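Below is one structure; the comments refer to it alone.
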Amino acid sequence: AVPEANSRWTDSALEVFDSMHIGVATALDTGLVVPVLRDMQSRDLFETAKGLDDLISRARDGRLTPADMRGGTFTISNHGVSGSLVATPIIINQPQSAILGVGKLEKRPVVVTSEDTGEDRIVIRPRCYVTLTIDHRVMDGHQANRFLQTFVEWLAKPQ
């Protein structure tokens, strides 16, 4: 929906990538590392979970290779694992054009409207805040908002 989110700025042109190689910020006792989960466009949810488990396990065991840390085209930082609701600005992992921050997932009261009756009711749903830090040479606010809207819609109704 927003190819610029999977790109990098160069002096000569904007390079938009066909493949999505997602960097996953991973906290270790020695600091933060960002191993890369490759070819996300061809992975289903199970393959993604399996790949994440492998990368994070190897990171925590000190078994990452330099190749595991290179070639990311977009990064996700789950600062919510430490209890943080929101963190911004998050520094972009250069030369990428954006980074998504995900806050703590927690149950919150939410107003939902019935599709059948149009009636509002309050329900408890898991919710979290997400932030998107962008390189303004690559994306503007409209594109960033379109990315976040698409992301939220996909989470609500995964395909």
Side-chain angles (χ1 to χ4, degrees), residues 1-28 31-60 64-82 84-106 108 110 112-113 115 125-159:
V2 184
E4 298 86 358
N6 192 51
S7 69
R8 72 176 175 164
W9 178 263
T10 69
D11 289 337
S12 59
L14 179 64
E15 183 178 1
V16 179
F17 302 108
D18 292 327
S19 295
M20 291 183 280
H21 305 309
I22 305 299
V24 182
T26 305
L28 306 177
L32 189 69
V33 295
V34 186
V36 176
L37 194 56
R38 300 187 189 292
D39 299 314
M40 289 298 299
Q41 73 282 353
S42 62
R43 291 177 183 257
D44 63 20
L45 188 58
F46 178 75
E47 291 167 328
T48 299
K50 186 176 175 184
L52 277 173
D53 184 55
D54 173 60
L55 270 181
I56 293 168
S57 294
R58 289 191 295 124
R60 293 189 175 142
L64 290 175
T65 66
D68 291 327
M69 308 285 285
R70 285 194 291 261
T73 61
F74 185 90
T75 295
I76 299 174
S77 178
N78 180 7
H79 51 82
V81 296
S82 62
S84 172
L85 291 177
V86 148
T88 192
I90 299 173
I91 297 171
I92 298 170
N93 192 7
Q94 294 294 327
Q96 297 170 21
S97 62
I99 182 170
L100 183 74
V102 181
K104 178 183 178 183
L105 184 67
E106 61 183 10
R108 296 193 191 124
V110 178
V112 296
T113 304
E115 290 182 20
R125 295 281 193 263
R127 292 287 191 256
C128 70
Y129 295 104
V130 295
T131 57
L132 183 68
T133 302
I134 61 171
D135 181 338
H136 272 279
R137 297 172 300 175
V138 175
M139 284 190 284
D140 59 25
H142 175 72
Q143 292 162 311
N145 288 338
R146 194 168 74 237
F147 174 90
L148 288 170
Q149 179 182 18
T150 303
F151 178 73
V152 168
E153 286 171 0
W154 186 89
L155 286 176
K157 295 181 182 177
Q159 299 163 358

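All values derive from a computational prediction rather than experimental measurement.
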* Asked: Is it true that a side-chain atom of D68 and a backbone atom of T65 form a donor plus acceptor pair closer than 3.5 Å?
  -> yes

* With sequence neighbours left out, write down each residue that passes side-chain contact (heavy atoms from CB on, under 4.5 Å) with Q149, or none if nothing qualifies. => E153

* Answer yes or no: are there more than 12 heavy-atom neighbours, outside L32 itself, under 6.0 Å from its atom CG? => yes

* Structure fact -> Scanning both residues in full, the closest heavy-atom pair of T131 with A87 reads OG1-O, 3.3 Å

* **Main-chain N/O of D44 paired with T48 side-chain donor or acceptor, under 3.5 Å** => yes

* **Candidate pair F147 and L100, rule side chain to side chain contact (heavy atoms under 4.5 Å, CB included), full reasoning** => CA-CA 10 Å; F147 174 90; L100 183 74; 4.2 Å; yes

* Can you tell me how far CD1 of I134 sits from NE2 of H136, rounded to the nearest 0.5 angstrom? -> 4.0 Å

* To do: Locate the shortest heavy-atom distance separating A59 from V33; write the atom from each residue and the value.
  => CB-CG2, 4.2 Å

* Student check: side-chain heavy atoms of R60 and L28 closer than 4.5 Å -> yes

* Side-chain (N6) to main-chain (F17) donor-acceptor, under 3.5 angstrom -> yes

* To do: Any chance you could measure M40, atom CE, to E47, atom CD, to the nearest 0.5 Å?
  => 9.5 Å

* Structure fact -> Between M69 and V34, the two heavy atoms sitting closest are CE-N, 3.6 Å

* Asked: Is the number of heavy atoms from other residues, nucleotides or ligands under 6.0 Å of L155 CG greater than 12?
  -> yes

* Structure fact -> In short, A25 meets T75 closest at the heavy-atom pair N-CG2, 4.4 Å

* Structure fact -> Between the CD1 atom in I56 and the OG1 atom in T26, the distance rounded to the nearest 0.5 Å is 5.0 Å

* Once you round to the nearest 0.5 Å, how far does NE2 of H21 lie from CD of Q41? -> 7.0 Å

* Asked: Is C128 close to V102 at the side-chain level, that is, under 4.5 Å between some pair of heavy atoms?
  -> yes

* Drop me the distance from R125's CZ to R108's CZ, to the nearest 0.5 angstrom. => 14.0 Å

* Counting N and O atoms only, with roles assigned by atom type, does the side chain of S97 sit under 3.5 Å from a partner on the main chain of E4, one being a donor and the other an acceptor? -> yes

* Should the pair R58-D54 be classified as a salt bridge under the 4.0 Å nitrogen-to-oxygen rule? -> yes

* Could you pull out the closest heavy-atom pair between L55 and L37, with the gap in Å? => CD1-N, 3.6 Å

* Does some side-chain heavy atom of V24 sit less than 4.5 Å from a side-chain heavy atom of I76? -> no

* To do: Starting at CG of L148, measure out to CG of L132 and round the result to the nearest 0.5 Å.
  => 5.0 Å

* Tell me, do Q143 and V138 make a side-chain contact under 4.5 Å, heavy atoms counted? -> no

* Structure fact -> F151 and V130 have their tightest heavy-atom pair at CE2-CG1, 4.0 Å

